[in-house]
Amino acid sequence: MPKYENILADEPGRKEFLLGNEAVVRGALEAGVDFASTYPGTPSSEIGNVLFYISKKAGLYFEFSTNEKVAMETSAAASASGLRALVFFKHVGLNVAADAFMSTAYVGTNGGLVVLTADDPSMHSSQNEQDNRLYSMLANIPMVEPSSPQEMKDFMKEAFELSEKLKLPVLFRTTTRVNHARGIVEYGELGKKRGKGYFEKDPNRYVPVPENARRMHRELLEKMEKAKELANSSPLNRIELHGGKIGIITSGVSYNYVADVVKSLGINANILKLGFTHPFPDALVKEFISSVDKVIVVEELEPYLEENTRVLAQLHNINVPIYGKLDGYFPRAYEYNVDVVKTALGKILDLKISDNSYRAKEIELPSRPPVLCPGCPHRATYYAAMMALRQLKIKDAIITTDIGCYTLGIQKPYEMADYLLCMGSSIGAAVGFSKATDQKVIGFVGDSTFFHAAIPGLIDAYHNNADLVYVILDNRTTAMTGHQPHPGLPMNGMGEKAPYVDIEKLVRGIGIDWVRTVDPYNVQETINAFKDALRHEGISVIIAKRECALLWDARRRKQNEWWVYEINQDKCTQCGLCSDWLACAAIFKKVDEDGKERVYINDALCDGCGVCATICPFNAIEKKVIR
Amino acid sequence: MKTGIVFAGVGGQGVLTASSIIGVAALKAGVNVTMSEVHGMAQRGGIVVTEMNIGDVHSTLVGDGEADIIVGFEPVEAYRVLHKAHPGSSVVVNTEPIVPITASLGKAKYPDVNEVLSAMEGLNVYTLEATEIARKLGNVITMNIVMLGALTALPEFPLDREHVIAAIKDKFPPRHHEINIKAFELGEQAIKK
C-alpha cells in the first residue's frame, strides 16, 4: 500500500493504529478540508508529511510555506474565499505567525479556518515550552484541546463547524504527547470538498484600516460572547460522574493521567473533562464547582484553567477550596505523567502512594546525547571550521547558530554554537556581535531556515556593512523535521515539479560579492574556504552544499548498494584525528584483550561517507563493500 | 488487565518501527493499545524510547514501576529505563553495545556488558545477540525484528505470535517478508533456548 493510503480509506467504522498527527489529517478530511499550509516543526511535522503524500489524491491544495507567517496568510485567504483551510505549526511557529493570526480574529473568516499549534512541554525538540493557550486569550480566538488520537480526529471536524458558526478562526491546541501518541482511531465518513472558492469583495469587512478595525474589535467581542454560549453546551466538554465530593477539572493530555490515576488509586472523584476551553465555559464550571467540596485543577504548564476557575469562584462567591499550581501542588514546568499526577493528588487528598519501581544497582554510565548522524555533511563543515580557526589561531570567534540538526554543533569537540534565539537569529545576532565587538563572527544557518527567516537579516548585514562570515549549510532538505522540501528544491508540497530558488544567485542578488559554494566532503577545500573568508574584511558567505546523509543512505539501500569503512589496524597509529576531532558517531574506542585501546568503526552505524578516510594522515581507513 | 512495555535503544536501530508493529498487532487482536514516541533532533545515535500500554489505559506513557516488560535494543539503554520496571519484570536485552561518542571522547567509560546485566538482579533477564543474529542472516537492519521475536516468546507477552507476524507483513513490502519472518523466528528461538 502506498504510504499513508490508509488515511484516505472511504470506510466509516474502520479502525487504524494511528499517530495523533495522522489522525488529525483524517479528521480534516472528514471535515472536507480544501486547503492546508504549514512550515514543518516538531511535534507537528508528520501532519505535513502525511499531506505531502496524500493531498493530490485527496483533491486538496497543500503547501510547505516559506515560514509560518506565510502559511497563516495563505490559509486565511483560502478561508476568506469560502474554502475550509487548515494551517498548522509547532508552538513557536505561532510566534512567527502571530501578526497575521491576531488580525484574522478581526477580519474573521468565511470558510472554516483551523489553526493547529503543537506545543512541546518538556522541550523534547524546542527552545522553550510556552503554553499557546494564552494566545487564544490574547487574540480572542476560540480554542479546543484534544486528549488522544481519536479526539485529534473528532475535534478537527468540530473545530471546522465551530469556525463557520462563529466566522472566527479556531485554535486547535495540541501537545507532544498527543501529537506523538499512537492509539486506535475509528473512522467516520469522508467530508465533501468545495473545489475552488470565490472571493466576494468587501473591503469594509476584510481591510482593517483604523476606522474598520475599531468596529471589528467590538464585533469580535460580540462573537466571543456567542462562542461562550457554545462552549457551555459543547459536547467536547463533559462530566464523568463517579460519585463523591471531589471534583477534578482537566483538559488535553492531562485528562489521560487523571483518568488512569483516579482508577488505579480508587479515588472517588468526578471529572470535568474540558475540550472546548476558550472562551472558558463559565456556566458549566460554575455548576461543577458548586457540586463538590474540593476542586483540583490538573493541566500542564500555565494555570489557564485554574486562574479562570478561581476568578469564577470569586465572581460568584463560591467558597470551595481549589487546588492547582498557584498553591504549589502541581508543577508549572515540564510535561506531566501518571507519576506527577499521582504525587500531587496524594498530597492534596492525603493518600499514601506506594512506589513499586525497580531500583537497579548503580553503575556509572556514559551519556548518549543526540549527535549528528554518521555521514552528516555538517560534521565535515564543522570539522573544517574548527581546523581553519585553529590554523589561523583565532580563539574567541563568536559562533551564532540557528534552528536545525546543526545546532548539535554545540557539542565537543566542535563547540560551534555560542548564541541562539530562534529561527533565523543566526544572522541578525551575527550583525549585532560584529558591530558590538571586535571579535570574529561566524554564523551558521541551514538551507530551509535560511529561506524561512534569514534573508531579511542577510540584507541587513549587507546594507550595514557587517564584518562576518555566514555559512549556509545546504543539505538539500528540511532535515530535522523529517525531510520536507523547501523553496531551494525543484519539488513542492504536493510532490509536483516546482521552480526553485538558487541560494548562491539569491545571495549575489543582494549585492554580496564574496560567495563560495563548497562540498564539505572535500574537507581541504572547505578548510581553505573558511580561512579565506575569515581573512576577508566585510561580509563573506560560504554555501556548504551536500545532501543530507539520510537521504543518500536511503537511496543506496533501495539500490541495494552498501559499503562501509573500516580501520586497518596495521596502518593505524591511534592518533585520534578521526575519533577525537572528526568525532563521527560510528567511530569508537575499545580496549582489546591485549589491554591496548584501539579505534574501531561500528559497521551498523557507518554510512560510508568516507570523510574519516580523507582526513586520515596514514591512509589507515579503508572502504569495504558489503553489497 | 494491562501490560506496560518500554522499548529502549539508539536512533537507527528501528525502535519506532518495532514498537508500532506491536501496536498494530494489538489492534489486530482487538485489544486497546496506547503508545508514545519521541521524534525530532538527530535521527541516528541518540537515545530512543517508546512506551506502550496494552489494555484498558488512557495514558500513552508508562509510569515508574509500571513496565512489565523492557525491550532493550542496547544494554546500557535497557539499564537506563529500569526505573520503569518493577521487581519481577522481564527484560529482553540485545547484548551488543553501541558505544556513544561521549565514551570515545574520554568521559565516562562504557561499562562491561556483564556488569550491566548483573545490575539487573531481581528481574527476569533474557539476553540474545540480536545484532549478530541479524548480521548472520544477511542484514543487520533486521535486528529490531529479531528483538520482536524474543519479545513475543516471553511468557507474559499478552498477544499471539500470529498477530505479530501479520503486523510485520503489513509493515514491509512482500519482497522483505521472508527475511523478516526468519529474523522473528530466530529471535523467538534465542529466547526459548
Side-chain angles (χ1 to χ4, degrees), chain A residues 15-17 19 42-43 45-46 124-125 147-148 176-177 180-184 255-257 259-260 337-339 342 355-374 405 407-408 412-413 480-482 550 579-580 583-585 587-590 602-605, chain B residues 10-12 20 23-24 26-27 32-47 57-61 63-66 76-77 79-80 82-87 89 98-111 115-116 118-123 131 135 140 143:
Chain A
K15 286 182 179 171
E16 287 276 346
F17 182 60
L19 194 67
T42 312
S45 308
E46 299 77 15
H124 297 283
S125 42
S147 302
S148 63
T176 304
R177 297 297 182 182
H180 287 168
R182 273 183 201 274
I184 295 172
Y255 164 76
N256 301 330
Y257 309 133
D260 286 350
N337 51 42
V338 281
D339 299 311
K342 219 188 260 178
D355 179 4
N356 191 30
S357 62
Y358 177 76
R359 300 221 196 289
K361 201 178 95 197
E362 268 191 45
I363 43 178
E364 205 194 342
L365 297 182
S367 65
R368 196 188 300 273
V371 288
L372 296 170
C373 304
C405 300
T407 317
L408 294 171
K412 280 183 192 310
M480 185 166 66
T481 48
L550 295 189
S579 57
D580 302 359
C584 173
I587 301 179
F588 66 101
K589 289 180 192 164
K590 190 176 78 175
N602 184 330
D603 66 337
L605 291 177
Chain B
V10 177
S20 75
V24 171
L27 171 66
N32 186 55
V33 58
T34 66
M35 176 176 141
S36 208
E37 50 193 65
V38 167
H39 301 193
M41 262 195 133
Q43 310 193 15
R44 305 258 171 94
I47 297 172
V57 181
H58 286 88
S59 171
T60 63
L61 297 170
D64 282 356
E66 291 186 8
V76 157
E77 295 319 317
Y79 178 90
R80 256 192 255 273
L82 288 178
H83 60 99
K84 296 276 184 185
H86 53 76
S89 295
I98 294 182
V99 179
I101 194 83
T102 47
S104 299
L105 292 178
K107 291 180 196 160
K109 284 272 169 252
Y110 194 97
E115 190 192 346
V116 177
S118 65
M120 300 182 182
E121 208 179 313
L123 301 172
T131 310
R135 200 177 276 127
V140 73
M143 181 275 282

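Convention: sequence-line order gives letters A, B, ...; per-chain numbering from 1. If you're wondering where the values come from, they're calculated on a predicted model, not measured in any experiment.
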What distance do B:M35 atom CE and A:H180 atom NE2 have between them, rounded to the nearest 0.5 Å?
11.0 Å
So, does A:D339 use its side chain to make a donor-acceptor pair with the main chain of B:G63 at under 3.5 Å?
no
For A:N602, is it the side chain, the backbone, both or neither that has a heavy atom under 4.5 Å from a heavy atom of chain B?
side chain
Answer yes or no: does atom CD of B:E115 have more than 12 heavy-atom neighbours from other residues, nucleotides or ligands under 6.0 Å?
yes
Between the CZ atom in A:R368 and the OH atom in B:Y110, the distance rounded to the nearest 0.5 Å is 6.0 Å
Looking at B:A26, B:G122, B:G65, which has the largest count of heavy-atom pairs under 4.5 Å with chain A?
B:G65
A:Y358 to B:L123 - nearest heavy-atom pair and separation:
CE2-CD1, 3.5 Å
Of the listed residues (A:A583, A:G183, A:A585, A:A259), which shares the most heavy-atom pairs with chain B below a 4.5 Å separation?
A:A583
Give a yes or no answer on whether the side chain of B:R80 reaches the backbone of A:L365 with a donor-acceptor pair at less than 3.5 Å.
no
For a 4.5 angstrom cut-off between non-hydrogen side-chain atoms, does A:K590 reach B:V99?
no
Under a 4.5 Å heavy-atom cut-off, does chain A meet the side chain of B:S20, its backbone, both or neither?
both
Find the distance between OG (B:S118) and CD1 (A:I363) and round it off to the nearest 0.5 Å.
7.5 Å
Please answer whether the main-chain N or O of A:S367 pairs with a side-chain N or O of B:T102 as donor and acceptor at a distance below 3.5 Å.
yes
Whatever's closer than 4.5 Å to a heavy atom in chain B on A:P43 counts as neither
If you compare all heavy atoms of B:Y79 against all heavy atoms of A:A360, which two are closest, and at what distance to 0.1 Å?
CE1-CB, 3.7 Å
What I'd like to find out is whether the side chain of A:V338 reaches to under 4.5 Å of the side chain of B:L61, using heavy atoms alone.
no
Side chain to side chain, B:E37 and A:R182, heavy atoms closer than 4.5 Å:
yes
Side-chain contact, heavy-atom cut-off 4.5 Å: A:D603 with B:V140?
no
Does A:S579 reach the side chain of B:I101, with side-chain heavy atoms less than 4.5 Å apart?
no
Kindly determine whether B:T60 and A:R177 satisfy side chain to side chain donor-acceptor pair (under 3.5 Å), including the steps that lead there.
CA-CA 7 Å; B:T60 63; A:R177 297 297 182 182; 5.8 Å; no
What part of A:L605 lies closer than 4.5 angstrom to a heavy atom of chain B: side chain, backbone, both or neither?
side chain
Taking B:D64 for its side chain and A:S357 for its backbone only, find out whether a donor-acceptor pair lies under 3.5 Å.
no
